[in-house]
Amino acid sequence: MELRHLRYFLFVAEERHFGRAAARLGISQPPLSQQIRMLEQELGARLFDRTSRRVQLTEAGRLFLPEARATLEQSERAAEIARRAHRGEAGRLGLAFTVSGPFVPQVARALYSFRHSHPDVELVLRELSRDEQIEAVRTQEVDIGIVRDFERPVLPADMVCRCLLTEDLVLTLRSDHPLARRSADPDVADLAQEPLVLYGAPNGAGFNEHFFALCAEAGFVPQIAHEAQSLATLLGLVAAGFGPTIIARSMARLHVDTLVNRPFATPVTSSLWLIHNRVLSAVGDAFRRTILEADTT
């Protein structure tokens, strides 16, 4: 049974006339009559009572009508879903990001815009470290990753990346800390005698190595008072007096009453990178375009 046979049947059932149904279909009447006979033969049931004056549905035809209509409607829905998936308007998008990702305005705007412009796309969001994101993209567990690194991340040959933005890092510390009350902005060298709270591995991948290198250039080895595994723990420990920490400026939008953020006298920066496989799904490509366009709004 072919879908066109069901369509022919519906037209005849609606018109109760082979000539009018054929005109609507854009075919001549004899082929239409032949197709209906073929459908009846395949079903083993007569669908219409035909006379020279009228065409009426048989009991079999009357019961077959809603099922045929539902089958055609379902086929149209299936076709539309396929077309929308091809355009990146439906499907599933796996998106991974670093802890600071949602605090970046460009990322937040892209997520908001994409959710409203692609309501039929299932968004699966994961917070992962840089190395975890690279592996998740490589194995296609996620379509796109948003990683933070101080330089272009080292990726497998079949992956690509693009810098979304570069931003300053700030020193976050209690408001009663001497470096918070000092008029001059701090430098990395001012942290030589300070116990610090940093992200532990794997969340600190990339950042810690770069920061340790900056400390080495300033002539000291940093004192690590505690390693945190989450942003909440990181800021909570700083507020509890365990020591200052360093965060991206975008994350300074989080307000904690007892904490202040100070820029470095000599700017220290990091970048946010968009990473994905060279061959990207239609849905992934739609989000890629959205986040790149968000940079201009």
Side-chain angles (χ1 to χ4, degrees), residues 3 67 69-149 152-165 167 199 202-203 205-206 229-233 248 250-251 253-254 271-297:
L3 290 176
E67 302 299 329
R69 182 176 287 117
T71 299
L72 283 174
E73 289 173 352
Q74 180 59 41
S75 70
E76 286 298 321
R77 283 195 294 270
E80 179 60 18
I81 288 173
R83 287 190 289 266
R84 297 189 68 203
H86 178 71
R87 297 193 299 263
E89 297 173 0
R92 176 188 180 278
L93 174 67
L95 177 64
F97 49 81
T98 183
V99 63
S100 61
F103 296 97
V104 176
Q106 180 181 347
V107 176
R109 284 196 301 267
L111 286 170
Y112 179 86
S113 174
F114 191 81
R115 287 182 65 243
H116 285 78
S117 62
H118 295 72
D120 294 328
V121 172
E122 177 191 5
L123 271 175
V124 181
L125 307 178
R126 299 178 64 185
E127 181 183 309
L128 299 174
S129 68
R130 180 199 63 185
D131 294 345
E132 289 171 334
Q133 286 194 57
I134 292 173
E135 178 62 14
V137 170
R138 186 190 69 81
T139 58
Q140 299 182 352
E141 292 179 37
V142 299
D143 299 282
I144 286 178
I146 300 174
V147 303
R148 183 174 293 280
D149 211 333
R152 188 182 187 89
V154 178
L155 302 174
D158 57 347
M159 288 175 61
V160 297
C161 73
R162 175 165 178 165
C163 183
L164 293 176
L165 83 160
E167 61 178 336
Y199 276 120
N203 289 335
Q229 302 303 319
S230 70
L231 176 61
T233 301
S250 55
M251 296 172 67
R253 292 178 172 82
L254 281 174
S271 297
L272 211 61
W273 303 84
L274 187 76
I275 66 171
H276 57 80
N277 287 313
R278 196 172 301 279
V279 178
L280 194 57
S281 68
V283 172
D285 189 57
F287 182 80
R288 181 189 63 83
R289 294 195 306 270
T290 299
I291 197 169
L292 295 181
E293 291 168 1
D295 185 33
T296 63
T297 60

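Note that this is a predicted model, so its numbers are computed, not measured.
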Practice task
State, without any angle test, whether Arg77 and Gln74 hold a side-chain donor-acceptor pair at a distance under 3.5 Å.
Solution key: yes
Completion exercise
Of all heavy-atom pairs linking Val160 and Arg278, the shortest is CG1-NH1, 3.4 Å
Practice task
Determine whether Val142 and Val124 make a side-chain contact, defined as any pair of heavy atoms from C-beta on separated by less than 4.5 Å.
Solution key: no
Fill in the blank from the handout: To the nearest 0.5 Å, atom CZ of Arg152 lies from atom SG of Cys163 at 9.0 Å
Problem - Closest contact, heavy atoms only, Gln133 versus Gly145 - result: OE1-CA, 3.1 Å
Completion exercise
Value for CD1 (Ile146) from CG (Leu164), rounded to nearest 0.5 Å, stands at 6.5 Å
Practice task
Write down the atom of Phe114, the atom of Val121, and the distance for their closest heavy-atom approach.
Solution key: CE2-CG1, 3.8 Å
Practice task
Could you walk me through whether Val137 and Leu155 pass side-chain contact (heavy atoms from CB on, under 4.5 Å), step by step?
Solution key: CA-CA 10 Å; Val137 170; Leu155 302 174; over 6 Å; no
Practice task
Check the pair Leu274 / Arg288 against side-chain contact (heavy atoms from CB on, under 4.5 Å), numbers first and verdict last.
Solution key: CA-CA 8 Å; Leu274 187 76; Arg288 181 189 63 83; 3.8 Å; yes
Handout entry: Nearest-0.5 Å distance, NE2 of residue His276 to CG of residue Asp285
Key = 8.0 Å
Problem - pair Asp143-Val283: side-chain heavy atoms closer than 4.5 Å - result: no
Problem - Gln106 (side chain) donor-acceptor with Leu165 (main chain) under 3.5 angstrom - result: no
Practice task
May I ask you to check whether over 12 heavy atoms, not counting those of Gln229, lie within 6.0 Å of atom CD?
Solution key: yes
Exercise for the section: Search all heavy atoms of Ile275 against all heavy atoms of Cys161 and return the closest pair with its distance. Expected result: CG2-CB, 3.6 Å
Exercise for the section: Apply the test side-chain contact (heavy atoms from CB on, under 4.5 Å) to residues Leu95 and Ile144: give CA-CA distance (whole Å), side-chain angles for both, the deciding distance (0.1 Å), then the verdict. Expected result: CA-CA 5 Å; Leu95 177 64; Ile144 286 178; 3.6 Å; yes
Fill in the blank from the handout: When every non-hydrogen atom of Arg109 is compared with those of Ala294, the smallest separation belongs to NH2-O, 2.7 Å
Problem - Intermediate values then yes/no, side-chain contact (heavy atoms from CB on, under 4.5 Å), Leu231 and Tyr199 - result: CA-CA 8 Å; Leu231 176 61; Tyr199 276 120; 3.4 Å; yes
Exercise for the section: Step through the shown structure and confirm whether more than 12 heavy atoms of other residues, nucleotides or ligands are within 6.0 Å of CZ on Arg253. Expected result: yes
Handout entry: Donor-acceptor pair, side chain of Ser117 and main chain of Ser113, under 3.5 angstrom
Key = yes
Exercise for the section: For the pair Tyr112 and His116, name the ring-plane relationship: parallel under 30°, tilted 30 to 60°, perpendicular over 60°. Expected result: tilted
Exercise for the section: Check the pair Arg126 / Glu132 against salt bridge (Lys or Arg N to Asp or Glu O under 4.0 Å), numbers first and verdict last. Expected result: CA-CA 10 Å; Arg126 299 178 64 185; Glu132 289 171 334; over 6 Å; no
Problem - Arg148 side, atom CZ; Glu167 side, atom CD - distance, nearest 0.5 Å - result: 4.5 Å
Fill in the blank from the handout: dist Leu111:CG -> Ile291:CD1 (nearest 0.5 Å) comes out at 7.0 Å
Practice task
Flag the pair Val147 / Thr98 as yes when at least one side-chain heavy-atom distance between them is below 4.5 Å, and no otherwise.
Solution key: no
Handout entry: Shortest non-hydrogen contact from Asp149 toward Trp273
Key = O-NE1, 3.4 Å
Exercise for the section: Flag the pair Pro156 / Ile134 as yes when at least one side-chain heavy-atom distance between them is below 4.5 Å, and no otherwise. Expected result: yes
